[in-house]
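Working notes, structure below.
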Amino acid sequence: MLQVQVLRSHTAEVKQKLAKKQFKQPELVDLIISLDDERKRLQNEFDQTQAKVNAASKEIGKLMAQGNKEAAEATKLDVAGWKAALEPLKEQMVKVEEELQAKLVLLPNLPADAVPEGKTPEENVVVREGGQKPALYAGAVPHWDLIKQYDLVDFETGAKITGSGFPLYKGKGAKLQRALIGYFLDYNTAAGYTEYIPPYLVNEASAFATGQLPDKEGQMYHATADNFFLIPTAEVPVTNIYRDTIVKESELPIKMTAYTPCFRREAGSFGKEVRGLNRVHQFDKVEIIQLVKPDASYAVLDEMVLHVENLLKALQLPYRILRLCGGDMGFTSAITYDFEVFSAAQERWLEVSSVSNFESYQTNRMKCRYKDENGKTQLTHSLNGSSLALPRIVACLLENFQTAEGIELPEVLRPYFGGTTIN
RNA sequence: GGUGAGGUGGAUGAGCGGCUGAAAUCAGUAGUUUGCUAAACUGCCGUACGGGUUACUCUGUACCGCGGGUUCGAAUCCCGCCCUCACCGCCA
């Protein structure tokens with residue numbers, strides 16, 4: 001979340017940036033500042049009264065030790081009076097603080113200057129394209145047909161076991177998943193990312209820290225008996241490794257990668273858009289995450305974009321990189337690049353990665369800080385990106401590399417797949 | 001799941017109603033000295049939110065797993081919860 005201090009010192013600028021993100025309640029900023037004023041006032045009054053109580057309590061101890069019982073009893077009466085005053089103060093303080101917090105989490109992150117103006121996905125800006133769109137042979141079909149033809153994924157049985165959107169990978173389909181995960185992780189660790197296998201369920205505090213709560217609970221599966229949430233992305237458990245920590249400056253940047261299944265309820269959409277592997281409730285993804293010094297975060301963002309781009313190049317997939325406009329960005333992000341690959345048989349661009357800089361928005365919630373060279377404690381910046389999400393990569397691989405004889409996998413995957421062709 | 005023990009600052013670990021925001025040791029850090037692939041000595045060394053100054057300093061409050069309670073006063077007593085460890089049970 002945003003820091004109240006920033007709202008205070010750059011009020012007009014904050015409102016202007018919120019508008020770029022299509023945020024419609026600029027008056028919240030003023031409300032938050034006035035709530036914070038009230039909070040300070042109450043705390044000041046509370047602290048001063050509490051200080052009197054503390055001083056008197058010490059005095060009582062001394063008087064008792066001297067055997068001056070009368071004076072001690074008299075002082076107790078004073079204390080009783082102050083304590084009576086403290087109670088309503090405390091109540092108000094808690095109330096104001098809760099309200100302040102409740103309002104503060106409603107403010108999305110501020111967009112970076114480089115973020116284009118715009119409301120809808122149509123206004124996203126294509127930064128660059130790469131790779132070659134393949135010329136498919138005459139018999140080419142969409143991936144859902146290929147999946148049937150080669151018996152790679154059994155959606156019907158997945159639906160029987162759980163529900164629609166829970167694919168059952170099978171045979172070479174399952175092996176391809178494993179190959180991709182292995183390749184992606186090796187690619188990431190070679191670039192200096194430390195591999196993790198995190199828990200796939202998280203508690204409320206973790207879901208809050210990365211911004212899934214309070215307002216995206218509808219997106220997550222909720223294990224109510226224990227109040228755990230199934231992770232929608234590895235970002236949640238992995239970023240939370242550093243919740244409530246102060247790291248040394250020398251430890252930065254912290255680079256982490258993890259494969260996890262991801263669970264998303266994705267309520268409300270259907271049809272061709274979600275056919276086959278285009279959109280599912282459970283999917284596999286390898287994520288990269290960095291915690292860095294604030295002044296480094298934009299260079300790191302570029303580095304991560306390049307990292308993902310090179311991965312797509314290695315897979316020989318036609319791709320394009322979009323800079324999302326203010327209205328299409330996520331709530332917690334300061335700037336986001338989406339990566340799309342061209343699924344040749346569907347003739348559609350499919351999103352396979354999203355790389356974002358969150359600046360200090362997540363780390364402020366998480367209380368992830370570092371000590372700078374002056375010994376001052378500062379928030380780190382956090383970034384993450386998919387490297388990569390599997391289902392749409394699979395869809396694209398199947399469609400783009402199909403031949404009459406089978407699917408000829410790109411070079412880099414062959415050692416992991418243990419073969420060259422799906423047939 | 002059952003039983004028992006325990007959760008104190010970066011680590012180990014003392015304190016078990018007021019002198020404790022917290023001993024000691026280690027680690028860290030700044031310096032002094034001797035000198036050499038290091039040792040000795042000295043200082044500093046938690047976080048958050050305030051006040052005041054806004055440069056350093058100064059000052060208030062809160063925090064000893066979390067939340068409540070008792071008390072003039074709680075790390076210290078009581079209750080609930082969470083977590084860790086050990087043993088048993090069950091199990092991939």
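In the text below, chain A, chain B and the rest are named by the order of the sequence lines, each starting its count at 1. In this text the structure is predicted, and so the values were computed from the model without any measurement.
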Each nucleotide N or O in nucleotides 79-81 of chain B that has a protein N or O under 3.5 Å away: list the pair and distance.
none

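- Put simply, A:Asn54 has a side-chain N or O that comes within less than 4.0 Å of OP1 or OP2 on B:A62.
- Rounded to whole Å, the separation between the C1' atoms of B:G13 and B:C66 comes to 23 Å.
- Each of A:Glu249, A:Glu359, A:Glu251 was evaluated against A:Lys293; a single residue qualifies, A:Glu249, per the salt bridge (Lys or Arg N to Asp or Glu O under 4.0 Å) test.
- Put simply, OG1 on A:Thr257 and OH on A:Tyr196 are 11.0 Å apart, with the number rounded to the nearest 0.5 Å.
- A:His307 has its ring centre less than 6.0 Å from the ring centre of A:Tyr193.
- Heavy atoms of A:Lys371 sit under 4.0 angstrom from primed sugar atoms or phosphate atoms, though from no base atom.
- B:G28 and B:A38 are spaced 13 Å apart, taking the P atom of each and rounding to whole Å.
- When the C1' atom is compared between B:G31 and B:A74, the two are found 40 Å apart, to the nearest whole Å.
- Here the side chain of A:Lys40 is nearest to one of B:G73, B:G51, B:A48, namely B:G51.
- When heavy atoms are screened at a 4.0 angstrom cut-off, A:Arg369 is found touching the sugar-phosphate backbone but no base atom.
- Counting any heavy atom pair closer than 4.0 Å across all strands shown, A:Leu77 reaches no nucleic acid atom.
- Picking from B:G18, B:C49, B:U47 the nucleotide with the shortest atom distance to the side chain of A:Ile246 gives B:U47.
- The partner of B:U70 cannot be assigned: no Watson-Crick or G-U wobble pair with both contacts below 3.5 Å exists in any strand.
- Searching all strands for a Watson-Crick or G-U wobble partner of B:C91 with both distances below 3.5 Å returns nothing.
- For A:Phe46, whose side chain is taken as the heavy atoms from C-beta onward, the closest listed nucleotide among B:G51, B:C72, B:U61 is B:U61.
- B:A75 is unpaired under the Watson-Crick or G-U wobble criterion, no partner having all donor-acceptor distances under 3.5 Å.
- Under a cutoff of 6.0 Å and an axis angle of 45°, A:Arg365 and A:Phe208 form a cation-pi pair.
- The partner of B:C64 cannot be assigned: no Watson-Crick or G-U wobble pair with both contacts below 3.5 Å exists in any strand.
- OP1 or OP2 of B:G50 lies within a sub-4.0 Å distance of a side-chain N or O belonging to A:Arg39.
- Between A:Tyr319 and A:Phe339, the ring centre distance reaches or exceeds 6.0 Å.
- For the C1' atoms, the distance from B:C82 to B:A23 is 29 Å, rounded to whole Å.
- No engagement by A:Ala56 is indicated, since no non-hydrogen atom pair under 4.0 Å with the nucleic acid exists.
- At the heavy-atom level, A:Gln50 lies under 4.0 Å from the strands shown only through sugar-phosphate atoms.
- No more than 12 heavy atoms of other residues, nucleotides or ligands shown are found within 6.0 angstrom of NZ on A:Lys376.
- Atom C1' of nucleotide B:C19 and atom CD1 of A:Ile60 are separated by 17 Å, given to the nearest angstrom.
- The partner of B:G17, taking Watson-Crick or G-U wobble pairs whose two distances both stay under 3.5 Å, does not exist in any strand shown.
- When each of B:G50, B:C72, B:U47 is scored by its nearest atom to the side-chain atoms of A:Val79, the top-ranked nucleotide is B:C72.
- Closest to the side chain of A:Lys58, out of B:C49, B:C72, B:C19, is B:C19.
- Across all strands shown, B:U3 forms a Watson-Crick or G-U wobble pair with B:A86, both key distances being under 3.5 Å.
- Phosphate proximity of B:G73 to A:Lys83: present, with a side-chain N or O under 4.0 Å from OP1 or OP2.
- The side-chain tip of A:Lys90 points at the ring of A:Phe46 from less than 6.0 angstrom away and within 45° of straight on.
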